Protein chains: 2
Amino acid sequence: MVTSLSEKGPFPLSPEAAEGGALLHDAVYAELRWRLITGKIMPGVGLSTRGLAAELGVSPMPVREALGRLAAEGAVEIRSKRRILVPEMTADRFDDLLRCRLLLEPEAARQAQPHLGPEALRRLRVIDGRLDRCLSNGDVTGYMEANFQFHFTLYAAPGGAILRRLIETLWLQFGPFMRVVYGRFGTHTLQDQHERALAALQAGDAEGVAQAISADIADGMGLIGRHALS
Amino acid sequence: MVTSLSEKGPFPLSPEAAEGGALLHDAVYAELRWRLITGKIMPGVGLSTRGLAAELGVSPMPVREALGRLAAEGAVEIRSKRRILVPEMTADRFDDLLRCRLLLEPEAARQAQPHLGPEALRRLRVIDGRLDRCLSNGDVTGYMEANFQFHFTLYAAPGGAILRRLIETLWLQFGPFMRVVYGRFGTHTLQDQHERALAALQAGDAEGVAQAISADIADGMGLIGRHALS
DNA sequence: GACAGGCATCTGGGATCACTGTTCACCAGC
DNA sequence: GCTGGTGAACAGTGATCCCAGATGCCTGTC
């Protein structure tokens with residue numbers, strides 16, 4: 001298998017996976033990351049290297065390596081042999097993740113604010129518009145993709161790469177769970193604080209942006225997620 | 001090679017590596033993590049899967065997987081083919097790491113304080129005593145091991161696993177650099193804030209613990225590290 | 001009919017092999 | 001003597017193979 005990748009665009013190459021570079025295991029890693037963040041993989045489902053390899057049209061080796069990386073980040077759990085799965089969410093882990101988000105993301109937004117010019121603001125508005133359309137249409141996957149892009153476009157700042165990376169590992173862990181939650185309760189109940197963040201951004205109010213993001217996380221993830229767990 | 005691991009205690013099994021479990025690549029991963037955190041691997045040196053495999057007495061396969069995981073955490077850099085190395089520190093990356101530490105670790109200490117009883121306090125004092133002895137003796141490696149144990153014993157709290165994991169990722173990245181810095185400037189200049197943290201801990205003052213950790217990071221890593229980079 | 005034990009199958013972990021791209025060194029030419 | 005090109009060695013990547021362990025089903029016995 002010289003891999004279908006080079007000839008026909010192998011597995012549905014997601015935006016994230018596209019920048020994966022020439023290395024096969026990097027592409028697989030990026031693809032799986034994207035699937036987890038956008039909740040395309042359900043919690044509790046077992047993943048098999050052979051199965052994923054067949055699905056993606058690659059050999060089991062790059063898949064194994066990608067799963068190993070994800071395991072190091074806590075996104076998948078290698079439970080003994082024969083069982084490698086996306087961990088189920090528990091109330092404790094949820095609270096832990098939520099605390100970390102509330103600690104990291106407002107700070108990331110605060111640090112990024114001075115570097116976000118009109119061009120970034122315009123892009124954020126475009127993403128937010130797509131996000132709202134997905135909410136109206138009940139397109140959960142589209143919403144999660146747009147929400148990811150909104151937050152990480154907002155956090156883009158020179159010198160924030162390490163913080164962004166930490167935040168990404170958090171998103172990897174709650175993506176599958178939140179997908180289930182949104183799927184169960186629908187998207188119409190979601191009320192994000194993005195407008196507030198954009199207004200503060202336009203005003204050059206870093207503290208306001210941070211507070212908006214904090215509220216966005218507490219509302220969008222905290223309330224509905226904890227409700228689903230109870 | 002049924003691996004020397006099972007019979008004679010293979011490669012110098014560090015405290016961290018011991019809990020690695022039965023899986024070979026987990027043991028290698030833990031071993032390399034420990035070496036990075038304690039600065040036993042210098043920045044800029046090339047690592048080769050084959051070389052490490054020979055050194056550790058295992059086949060290149062588990063080493064490859066371990067290096068892949070470390071690459072995902074930013075602890076090693078896979079620069080093209082034929083070159084996989086511990087990245088050199090830059091001023092920007094250092095500032096980024098320092099900001100993240102100052103964001104995460106005081107909060108981890110604050111969250112852990114209510115869960116730290118007299119027993120934990122006693123263990124922290126033992127570790128701090130060993131740490132001070134290492135400082136007097138100029139034992140840089142021993143100091144870094146003790147310092148790691150002090151901080152992560154302090155951060156131990158139920159429901160803080162994810163935060164601790166994030167912090168470990170940071171330690172992986174500055175360990176090799178700080179080892180060089182300490183080696184160059186000696187350990188006698190180091191003045192940690194551990195006593196202050198222990199006093200606040202004994203008084204049940206969570207905010208005081210957090211401030212002491214904040215000062216400890218700013219002094220022990222911030223000042224000396226930035227001085228070394230200038 | 002239910003439970004226990006054994007067997008078949010499946011899956012992950014490790015080893016080995018083949019290939020490719022990179023790097024370094026040596027040699028030739030200017 | 002220096003520079004540029006070429007070739008050889010080397011190291012990472014991906015594929016295939018093999019083994020051990022776990023899961024699940026089937027059968028036999030109580």
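This structure is a prediction, so every number in the text was calculated from the model and none was measured. All heavy atoms count here, side chains included; hydrogens, waters and symmetry mates do not.
- Annotation: salt bridge (charged side-chain N to carboxylate O under 4.0 Å, His left out) contacts of A:Arg83 (sequence neighbours excluded): none.
- Straight-line distance from the CG atom of B:Leu24 to the C1' atom of D:dA20: 14 Å, rounded to whole Å.
- Sequence neighbours left out, the pairs with a member in residues 220-230 of chain A that pass side-chain hydrogen bond (donor to acceptor under 3.5 Å, both in side chains) are A:Asp95-A:Arg226.
- Counting heavy atoms from C-beta outward, B:Leu190 and B:Tyr182 have side chains that approach closer than 4.5 Å.
- Nucleotide D:dG14 holds its P atom 11 Å from the CE atom of B:Met61, rounded to whole Å.
- Atom C1' of nucleotide C:dG12 and atom CD of A:Glu65 are separated by 15 Å, given to the nearest angstrom.
- A:Asp96 pairs by the salt bridge (charged side-chain N to carboxylate O under 4.0 Å, His left out) definition with A:Arg99, not counting sequence neighbours.
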Protein-to-nucleotide contact annotation, 5' to 3' order, nucleotides 6-12 of chain D [B base; S sugar-phosphate only; - none; under 4.0 Å, heavy atom]: ---BBBB
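- The interatomic distance linking A:Leu85 (CG) with C:dT11 (P) rounds to 14 Å, in whole Å.
- Shown here are the salt bridge (charged side-chain N to carboxylate O under 4.0 Å, His left out) partners of A:Arg82, two or more places apart in sequence or in another chain: there are none.
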When the side chains of residues 64-76 of chain A are checked against the rest of the protein, which donor-acceptor pairs come out under 3.5 Å, sequence neighbours left out?
{"unit_1": "A:Arg69", "atom_1": "NE", "unit_2": "B:Gly68", "atom_2": "O", "d": "3.1"}
{"unit_1": "A:Arg69", "atom_1": "NH1", "unit_2": "A:Asp26", "atom_2": "OD1", "d": "3.4"}
{"unit_1": "A:Glu73", "atom_1": "OE1", "unit_2": "A:Tyr29", "atom_2": "OH", "d": "2.6"}
{"unit_1": "A:Glu73", "atom_1": "OE1", "unit_2": "A:Arg33", "atom_2": "NH1", "d": "3.4"}
{"unit_1": "A:Glu73", "atom_1": "OE2", "unit_2": "A:Tyr29", "atom_2": "OH", "d": "3.4"}
{"unit_1": "A:Glu73", "atom_1": "OE2", "unit_2": "A:Arg33", "atom_2": "NH1", "d": "3.4"}

